Amino acid sequence: MNEVNKTLYIPLYGKSEISRRGIIINDKKAEEIWEKEGFKLNGKARSKWLALFMSMRAAVFDEWTVRTISKYPDAVVLHIGCGLDSRIVRVGNSTNLWFDIDFPDVIAERKKYFSENAKYTMFEADASETGWIGSLPDAPEAVIVMEGISMYLGRDKCRSLFEALSRKYGRLFILADVYTVFAAKASKYKNPINDVGVTEVYGIDSPDELETEEIRFKAEHSMTPPKLVDQLQGFERSFFNTVFAGKTTKKIYRLFEFEKI
């Protein structure tokens with residue numbers, strides 16, 4: 001795998017660790033994969049605080065996904081940049097067509113642990129290009145999950161992806177996290193992804209940078225909502241609230257929801 005693809009091990013580790021603690025997220029599949037493989041991670045990539053943050057982020061994405069597909073049972077779900085994430089298992093989807101999408105070498109790794117069925121497909125594609133979108137099935141709506149990928153694409157490629165999806169589907173519901181410009185610059189010197197060799201990422205400060213003629217910004221979400229932070233106790237909760245939650249987080253990391261209606 002190249003350096004960007006290797007970043008998938010960081011959230012996998014984090015979710016397996018926090019799931020094992022019985023808080024924030026229930027991800028037995030991550031536990032199983034990590035225990036079986038024990039991929040090597042060093043330094044900040046194994047931070048307890050990062051594991052907590054990534055697990056909360058995943059839980060927020062899960063909740064949004066469940067809420068959205070429950071409203072649109074005929075929508076196709078596109079989980080772009082899926083890595084080894086087990087969202088398809090966590091949300092218990094049984095009605096929507098679901099595509100987990102990533103680079104061929106990532107999908108090859110993924111197929112060691114997940115099985116396709118009539119509703120679920122693992123799809124090889126490069127999100128920085130858009131030609132593959134035409135081969136996806138038609139549907140009245142599409143739910144687009146983009147967790148941990150925009151910072152590797154940048155503004156222009158994200159907008160191109162949005163525009164191509166807009167040409168394919170009549171209605172779109174998109175949730176995407178982004179680094180701020182400040183965070184992208186700082187990442188060159190201090191970011192857990194450096195520990196797997198990534199040194200260049202991109203930042204976006206405002207959601208209107210990703211809007212198109214048809215796709216509009218709807219809402220900003222917190223990746224560290226109080227109901228999740230409150231599952232921590234004592235010093236751990238106090239420290240996490242101070243360093244990783246609220247206004248502090250928004251200086252480096254944002255979570256935007258978009259719609260095409």
Side-chain angles (χ1 to χ4, degrees), residues 1-12 33 39 54 57-58 61 65 75-88 96-116 119-139 141-169 172-179 183-184 187-188 191-204 209-212 214-215 255-256 258 260:
M1 289 190 186
N2 65 27
E3 285 76 11
V4 170
N5 291 349
K6 289 177 183 177
T7 62
L8 64 86
Y9 299 133
I10 301 174
L12 176 69
I33 297 172
F39 304 102
M54 289 197 158
R57 180 186 72 175
F61 268 90
T65 303
V76 62
V77 181
L78 308 181
H79 185 184
I80 302 175
C82 60
L84 291 177
D85 185 82
S86 59
R87 177 159 291 115
I88 180 68
N96 299 77
L97 284 178
W98 185 299
F99 288 79
D100 272 339
I101 300 167
D102 217 314
F103 291 107
D105 54 351
V106 175
I107 293 300
E109 185 76 8
R110 187 175 180 85
K111 286 183 175 180
K112 297 177 183 178
Y113 313 107
F114 297 87
S115 299
E116 296 180 324
K119 293 288 186 180
Y120 174 61
T121 300
M122 288 175 275
F123 190 91
E124 298 178 0
D126 180 348
S128 67
E129 302 174 354
T130 60
W132 53 273
I133 292 173
S135 62
L136 293 171
D138 294 329
E141 303 95 10
V143 176
I144 314 299
V145 180
M146 292 179 58
E147 181 183 10
I149 183 173
S150 72
M151 55 286 300
Y152 303 111
L153 296 177
R155 180 192 62 189
D156 293 343
K157 288 181 179 178
C158 276
R159 291 189 77 242
S160 294
L161 179 60
F162 282 14
E163 289 169 347
L165 289 167
S166 185
R167 291 191 292 270
K168 175 70 175 178
Y169 297 106
L172 286 173
F173 307 92
I174 304 170
L175 191 64
D177 57 328
V178 304
Y179 281 171
S187 289
K188 186 176 294 187
N191 190 316
I193 61 176
N194 303 150
D195 294 327
V196 292
V198 176
T199 58
E200 185 175 15
V201 291
Y202 305 93
I204 296 168
E209 297 180 57
L210 296 180
E211 288 185 321
T212 71
E214 296 185 306
I215 298 174
L255 180 57
F256 299 141
F258 300 88
K260 174 196 174 185

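Numbers for residues simply follow the sequence, beginning at 1. Keep in mind it's a predicted model, so treat the numbers as computed, not measured.
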Going from [atom1] on [X] to [atom2] on [Y], what distance comes out if it is rounded to the nearest 0.5 angstrom?
X    : Y    : atom1 : atom2 : value
L255 : S150 : CG    : OG    : 10.0 Å
I215 : F173 : CD1   : CZ    : 11.5 Å
D100 : E124 : CG    : CD    : 13.0 Å
F103 : C82  : CZ    : SG    : 11.0 Å
C158 : I149 : SG    : CD1   : 7.5 Å
I144 : F99  : CD1   : CZ    : 11.0 Å

Does the side chain of [Y] come within less than 4.5 Å of [X]'s, by heavy atoms?
X    : Y    : answer
I107 : K111 : yes
P137 : L97  : yes
I80  : L161 : yes
R155 : L210 : yes
Y113 : L84  : yes
Y120 : S115 : no
V143 : V76  : no
D177 : F61  : yes

Do the numbers put R159 on top of the ring of F162, so that NZ or CZ is under 6.0 Å from the six-membered ring centre and no more than 45° off the axis? no
Do Y169 and D138 pair up side chain to side chain, a donor and an acceptor below 3.5 Å, judged on atom types alone? no
Does one side chain, of S166 or E214, offer a donor that lies under 3.5 Å from an acceptor on the other? yes
Please report the shortest heavy-atom distance between [X] and [Y], naming the atom on each side.
X    : Y    : answer
T130 : S160 : CG2-O, 3.8 Å
R57  : P11  : NH2-CB, 4.4 Å
S135 : W132 : OG-O, 2.7 Å
A75  : N96  : O-ND2, 2.9 Å
F256 : V178 : CE1-CG2, 3.6 Å
I101 : A125 : CG2-CB, 3.7 Å

K168 side-chain N/O to L136 backbone N/O, donor-acceptor pair under 3.5 Å: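 Yes, because the side chain of K168 sits within donor-acceptor range (under 3.5 Å) of the backbone of L136.
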Kindly say whether S128 contributes a backbone atom to a donor-acceptor pair with the side chain of D126 at under 3.5 angstrom?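 Checked: pair present.
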Can you list the steps and then say if D102 with R110 is a salt bridge (Lys or Arg N to Asp or Glu O under 4.0 Å)? CA-CA 10 Å; D102 217 314; R110 187 175 180 85; over 6 Å; no
Could you check L78 against L165 for side-chain contact (heavy atoms from CB on, under 4.5 Å), going step by step and ending with a plain yes or no? CA-CA 10 Å; L78 308 181; L165 289 167; 3.7 Å; yes
For R87, is there an ion pair with E147 - N to carboxylate O distance below 4.0 angstrom?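 Yes.
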